[in-house]
Amino acid sequence: GAVVSQHPSWVICKSGTSVKIECRSLDFQATTMFWYRQFPKQSLMLMATSNEGSKATYEQGVEKDKFLINHASLTLSTLTVTSAHPEDSSFYICSAEGGGRWNEQFFGPGTRLTVL
Amino acid sequence: GIQVEQSPPDLILQEGANSTLRCNFSDSVNNLQWFHQNPWGQLINLFYIPSGTKQNGRLSATTVATERYSLLYISSSQTTDSGVYFCAVLTGNTGKLIFGQGTTLQVKP
């Protein structure tokens with residue numbers, strides 16, 4: 001149980017294009033979803049917290065117009081990187097809570113974004 | 001904000017050896033989780049352990065909340081144990097996990 005999927009697992013795009021990443025909780029309803037970013041050999045950095053039907057809460061320093069988050073249902077959250085640039089290249093990971101104990105988070109497999 | 005420090009940053013073991021990874025945190029926490037990030041980037045939940053001791057096969061964890069630390073024990077290590085081990089803590093009611101910098105483990109055959 002408590003499986004989280006992400007799609008796509010990797011994507012390469014040209015500078016200036018937008019990329020959408022999907023995060024799904026497969027066998028539970030996620031009360032809250034989170035989006036993280038991870039640079040090589042570094043820890044996870046929380047970008048935003050997403051609740052179904054409400055606006056996402058962004059961490060300080062994260063551009064909400066650059067990283068659009070939509071949480072349309074209790075099993076799906078999407079992250080759209082708008083007008084991507086090479087510096088947006090990174091590993092993006094989502095997590096969801098609601099599939100286990102109080103505030104326990106389960107993580108998706110991540111999406112590797114490369115912007116040329 | 002709360003600080004989470006993990007040690008050691010890097011660890012190289014021979015297959016079959018035992019190890020202890022440590023996670024110190026600077027304030028009281030509501031939750032603590034240990035994760036293993038495999039070479040493909042997937043974070044795997046190891047333990048949900050705000051306090052006490054738990055065991056799962058060759059792995060066990062202990063959190064002493066009053067002294068603000070947690071330990072992850074790996075016994076009889078295998079090459080498949082290689083990867084990065086993260087502890088993450090949750091404070092307050094935000095639901096946000098604060099991650100440590102991780103311990104990179106390499107188990108050699």
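Naming convention: chains lettered A, B, ... in sequence-line order (proteins, then strands); numbering from 1 in each chain. All of these numbers come straight from a predicted model, not from anything done at the bench.
- Here the CD1 atom belonging to A:I21 is positioned 7.0 Å from the OH atom belonging to A:Y92, to the nearest 0.5 angstrom.
- Neither the backbone nor the side chain of A:Q6 comes within contact range of chain B, judged by heavy atoms closer than 4.5 Å.
- For B:E5, the CD atom is loosely surrounded, since the number of other residues' heavy atoms within 6.0 Å does not exceed 12.
- Put simply, CG on A:L116 and SG on A:C13 are 7.0 Å apart, with the number rounded to the nearest 0.5 Å.
- Between the CD1 atom of A:I93 and the CZ atom of A:R112 there is a distance of 8.5 Å, given to the nearest 0.5 Å.
- Heavy-atom neighbours of B:K54 NZ from other residues, nucleotides or ligands within 6.0 Å: above the threshold of 12.
- Atom CD of A:E97 and atom CG of B:L97 lie 8.5 Å apart (nearest 0.5 Å).
- Inspection of non-hydrogen atoms places A:E59 of residues 57-87 of chain A under 4.5 Å from chain B.
- If you measure heavy-atom distances from A:L46 to chain B, the contacts under 4.5 Å come from the side chain alone.
- The structure places CD1 of B:I74 at 9.5 Å from OG of B:S60, a figure rounded to the nearest 0.5 Å.
- Residues B:L11 and B:Y85 have side chains not in contact (no heavy-atom distance under 4.5 Å, counting atoms from C-beta outward).
- A distance-only check finds a donor-acceptor pair linking the side chain of B:S70 to the backbone of B:T62 [under 3.5 Å].
- Heavy atoms of B:F86 lying under 4.5 Å from chain A belong exclusively to its side chain.
- Taken to the nearest 0.5 Å, the OH atom of B:Y48 stands 11.5 Å off from the OG1 atom of B:T63.
- Checked by atom type and distance alone, the side chain of B:Q3 pairs as donor or acceptor with a backbone atom of B:G1 at under 3.5 Å.
- Contacts of A:T32 with chain B are absent, with no heavy-atom separation under 4.5 Å from either backbone or side chain.
- Along residues 12-46 of chain B, the residues that come nearer than 4.5 angstrom to chain A, judged on non-hydrogen atoms, are B:N30, B:N31, B:Q33, B:F35, B:Q37, B:W40, B:G41, B:Q42, B:L43, B:N45 in order of number.
- Looking at A:Q105, the atoms closer than 4.5 Å to chain B (heavy atoms on both sides) sit in the backbone and in the side chain alike.
- The backbone N or O of A:S89 lies less than 3.5 Å from no partner atom in the side chain of A:T114, so there is not a single donor-acceptor pair.
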